[in-house]
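Below is one structure, written out as structure tokens, with a few remarks after it.
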Amino acid sequence: MTASTARTDTTGPLLLGVRHHGPGSARAVRAALDAAGPTAVLIEGPPEGDALLPLAADERMSPPVALLAHAVDDPGRASFWPMAEFSPEWVAIRWALAHGAEVRFIDLPATHTLAMAKDPTWRDGEGEEADGGDTDGQGYGLRVDPIAVLAETAGYDDPERWWEDVIEHRGTGAAPNGPPGAGDLGPGGGEPDPLAVFTGLADAMAALRETYGHGGHDRDLVREAHMRLQLRAARKAHGDGVAVVCGAWHVPALAEKTTVTADRALLKGLPKVRTDITWVPWTHRRLARHSGYGAGIDSPGWYGHLFSAPDRPVERWMTKVAGLLRDEDRTVSSAHVIEAVRLAGTLAAMRGRPLAGLTETVDAVRAVMCEGSDVPLGLITDRLIIGDALGEVPDSAPAVPLQRDLTRLQRTLRLKPEALERELDLDLRKDTDAARSRLLHRLRLLGVDWGEPSGGRAGTGTFREGWRLRWEPELHVRVAEAGVWGTTVLAAATARARADAASATALAEVTALAERCLLAGLPDALPVVMRALADRAALDADVGHLAQALPALARSLRYGDVRSTDTAALAKVATGLALRICVGLPPACTGLDADGADEMRGHLDAVHTAVRLLPGTADGSGDTGEDVTARWAAVLHRLAARDSVPGVIRGRAARLLLDDGRLAPDEAARLMGLALSPGTPPAEAAAWIEGFVGGGTSHPGGGMLLVHDERLLGLVDAWLTGVPAEAFTDVLPLLRRTFSAYETGVRRTLGELVRRGPSPQGPSRAGAAPPGFAAGLDERRADAVLPLLRLLLGAAGDDDNELLGAGR
């Protein structure tokens with residue numbers, strides 16, 4: 001078979017049917033273009049991207065990249081056309097630019113595809129519009145997968161394995177059991193014909209199209225009609241020096257003899273939408289099929305290796321795997337690599353494959369390097385088989401103003417977008433870290449979730465902040481969507497916060513927004529948010545809503561110290577909310593059922609924590625933070641002593657007062673004695689115990705209270721042993737829920753104390769030390785902790801450092 005037979009006729013265009021993101025197809029396309037030398041190269045893709053094609057020659061353009069088209073009025077309506085280094089389209093673009101050939105896209109314009117994606121008349125059930133153009137039959141959910149049909153015809157049970165044997169592992173040459181004509185040699189039996197594989201695929205797809213038509217999707221007919229029109233126009237300008245690179249599924253349709261009138265009739269009346277298009281970075285992870293990209297591949301990292309390896313791909317791959325495992329402190333020697341290569345080759349020979357594929361290499365690595373374990377194999381799959389490569393796009397590529405401002409900030413703050421998730425710990429006392437924090441919070445407010453807050457390295461101080469960063473290609477769409485709010489990140493976040501404040505209906509939404517504005521450093525948005533907050537707070541009389549809103553405000557007040565934010569207006573609103581809660585909480589705690597009481601206990605904890613965060617400055621009405629704290633303590637005393645309040649709330653109020661030193665131990669013991677008296681119903685008594693010694697955000701160490709105060713433990717023990725048998729099963733769930741929250745060591749200690757029984761000296765007297773503790777405070781030993789404490793808080797002096805050095 002001669003090279004000319006790869007065309008639809010002896011004088012027709014060169015139709016190169018490919019599988020998108022296939023390294024074998026990419027190598028074959030490059031060889032075919034070298035052999036044919038066309039003057040025009042047409043590629044399946046959106047014609048709006050023609051003006052961006054010269055950027056592919058820019059040395060700063062590094063695949064994987066993607067064309068991103070989005071509707072101007074609705075940026076969330078977008079499509080991607082990804083290309084990797086081993087994509088046939090990318091190879092064809094680079095070849096054309098290097099050889100001075102005209103290159104352009106010929107698929108249906110994005111102005112139509114984006115409009116059709118929202119039109120039910122044109123939706124084919126393909127899922128998200130993420131891949132732009134169809135590929136080789138995997139995209140758009142074809143009822144019949146042509147690759148699977150061809151693999152089954154050739155006797156394969158795995159389409160991926162068939163494609164690897166026919167194309168990926170055979171370069172441009174032949175393969176047994178391949179498509180008709182795929183193995184023919186060139187004239188005179190010399191080197192393999194670089195066009196033969198395309199002829200074989202075209203014949204195979206023609207047979208499938210005769211049987212299955214367009215696969216049940218009318219959109220393919222429209223796209224192919226547009227491609228035929230573009231092909232006719234190119235042939236008028238370049239004659240037969242035209243090459244077309246498209247999905248193999250479309251080759252028979254492009255070779256079909258149709259009229260211009262018929263093709264234009266199919267395109268008549270298509271919906272339109274105004275679009276913008278640009279290049280954006282892409283990732284190997286998003287090329288994987290399981291990530292939602294309809295025309296994706298399972299192993300982009302493996303395919304990239306096959307494309308880039310100059311020779312001995314299996315040996316080079318095993319060396320990569322060994323290097324990765326060594327980096328993870330696993331013992332892998334050269335002997336492991338040699339044995340894995342041998343085993344992969346043996347498996348390929350046993351399975352009748354021309355070369356060891358991914359399946360054979362994975363089996364060999366599992367057996368030899370991973371000792372049969374799938375745990376390290378998961379790391380290999382994530383890092384190498386899929387990979388975490390992130391492409392780069394030059395600054396000259398078009399972008400919305402917001403994207404340009406974000407790129408500038410990323411460079412200024414040295415926050416490079418990365419596909420691999422990484423942890424970032426920020427010290428907000430440093431200017432750069434504080435600016436990074438503001439940027440990430442502003443992006444989250446705009447819906448661009450590049451970073452997600454985490455616990456970070458520092459457990460408690462307000463000057464520490466932890467983030468998990470991971471850049472996904474879809475974030476470019478989110479940035480484009482956020483562009484409607486402003487041209488800079490600061491302006492857009494400010495406008496979005498103002499709009500959210502105006503549309504918020506719940507008080508908690510506005511308080512959360514105020515907290516986010518302080519975190520993001522949006523001083524121009526804060527007055528609008530504060531007015532909305534004051535308006536909502538004045539109209540909301542529900543104590544539960546007020547209790548949900550206060551903690552966010554109190555947390556926000558803490559940011560003024562580190563972030564240099566003026567929180568005076570916020571303090572006034574927070575103090576007002578706290579005072580309203582103090583007035584409305586006691587009546588709201590009466591007459592509650594079990595579920596309502598449990599919910600109110602959570603509000604009690606949250607408000608107590610928030611009140612302790614309020615500042616000590618006056619709010620303009622004469623009330624200070626200390627005044628609010630005193631009024632809150634009075635409310636807790638009322639709740640602890642009022643019989644009409646559910647036991648779980650009374651117990652919690654008593655415990656909060658005890659922890660703050662506002663309730664004497666003798667008084668706490670008296671309240672417990674009253675709550676656990678024989679006249680109290682067992683269920684109510686158990687609820688009091690749950691509130692008093694149960695876990696919570698305000699006092700998670702309830703068990704330690706019983707460990708160190710034998711008097712309270714004795715009261716609980718005496719009450720528990722006196723519960724009637726008929727009532728014990730009713731109180732058991734409450735008690736189990738309370739004590740199961742304690743740490744194992746605490747439960748063990750409590751059990752030992754109960755088994756030992758009361759101390760021979762009797763219960764601890766007020767002011768007496770618990771067993772195992774000194775009678776008084778050793779001030780010298782207590783003072784020794786202060787230098788270390790100041791060091792942890794960043795306030796250590798030279799004297800402290802000398803003391804710590806001497807302590808070593």
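Here the side chain of Glu48 pairs a donor or acceptor atom with the backbone of Thr111 at under 3.5 angstrom. With Arg228 contributing its side chain and Ala253 its backbone, the two residues share a donor-acceptor pair below 3.5 Å. When atom types are taken as modelled, the side chain of Glu44 and the backbone of Gly247 share a donor-acceptor pair closer than 3.5 angstrom. A distance-only check finds a donor-acceptor pair linking the side chain of Trp279 to the backbone of Leu52 [under 3.5 Å]. Counting only distance, with no hydrogens or angles, the side chain of Arg470 and the backbone of Ala419 share a donor-acceptor pair below 3.5 Å. Of the possible polar contacts, none joining the Glu152 side chain to the Val149 backbone as a donor-acceptor pair under 3.5 Å is found. Proximity of a side-chain donor or acceptor of His99 to a complementary backbone N or O of Trp95 within less than 3.5 Å is detected. Distance alone, capped at 3.5 Å, places no donor-acceptor pair between the Ser62 side chain and the Glu392 backbone. Remark: the backbone N or O of Gly76 is not paired with any side-chain donor or acceptor of His70 at under 3.5 angstrom. A donor-acceptor contact shorter than 3.5 Å is absent between the side chain of His21 and the backbone of Met83.
Between Pro38 and Ala101 the shortest heavy-atom distance is O-CB, 3.8 Å. Across all non-hydrogen atoms, the minimal contact from Ala151 to Trp162 is CB-CB, 3.5 Å.
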- [ ] Give the intermediate values and the outcome of side chain to side chain contact (heavy atoms under 4.5 Å, CB included) for residues Tyr303 and His284.
- [x] CA-CA 10 Å; Tyr303 273 11; His284 273 179; over 6 Å; no
Open item on the list: Arg351 vs Asp158, test: salt bridge (Lys or Arg N to Asp or Glu O under 4.0 Å). Steps then yes/no.
Closed with: CA-CA 12 Å; Arg351 296 168 181 173; Asp158 184 358; over 6 Å; no
TODO: List the steps and the verdict of side chain to side chain donor-acceptor pair (under 3.5 Å) for Arg316 and Ser308.
DONE: CA-CA 11 Å; Arg316 294 178 184 275; Ser308 60; over 6 Å; no
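A salt bridge does not link Asp220 to Arg209: none of the charged nitrogens lies less than 4.0 Å from a carboxylate oxygen.
Within the 4.5 Å cutoff, no side-chain heavy atoms of Arg60 are placed close to those of Leu55.
In summary, the side chains of Thr319 and Arg312 do not present any donor paired with an acceptor at a separation below 3.5 Å, with no hydrogens or angles considered. Counted by atom type alone, Thr359 and Arg161 present zero donor-acceptor pairs between their side chains at under 3.5 Å.
Of the residues listed (Val245, Leu42, Leu201, Val251), the one engaging Leu15 in a side-chain contact (heavy atoms from CB on, under 4.5 Å) is Val251, and it is the only one.
Rounding to the nearest 0.5 angstrom, the gap separating the CD atom in Glu224 from the CG atom in Leu231 is 12.5 Å. Rounded to the nearest 0.5 Å, atoms CD (Gln230) and CZ (Phe105) are 12.5 Å apart. A distance of 10.5 Å separates CG in Leu114 from CG in Asp276, rounded to the nearest 0.5 Å.
The aromatic rings of Trp471 and His476 lie perpendicular to each other, with more than 60° between the two planes, well past the 30° mark.
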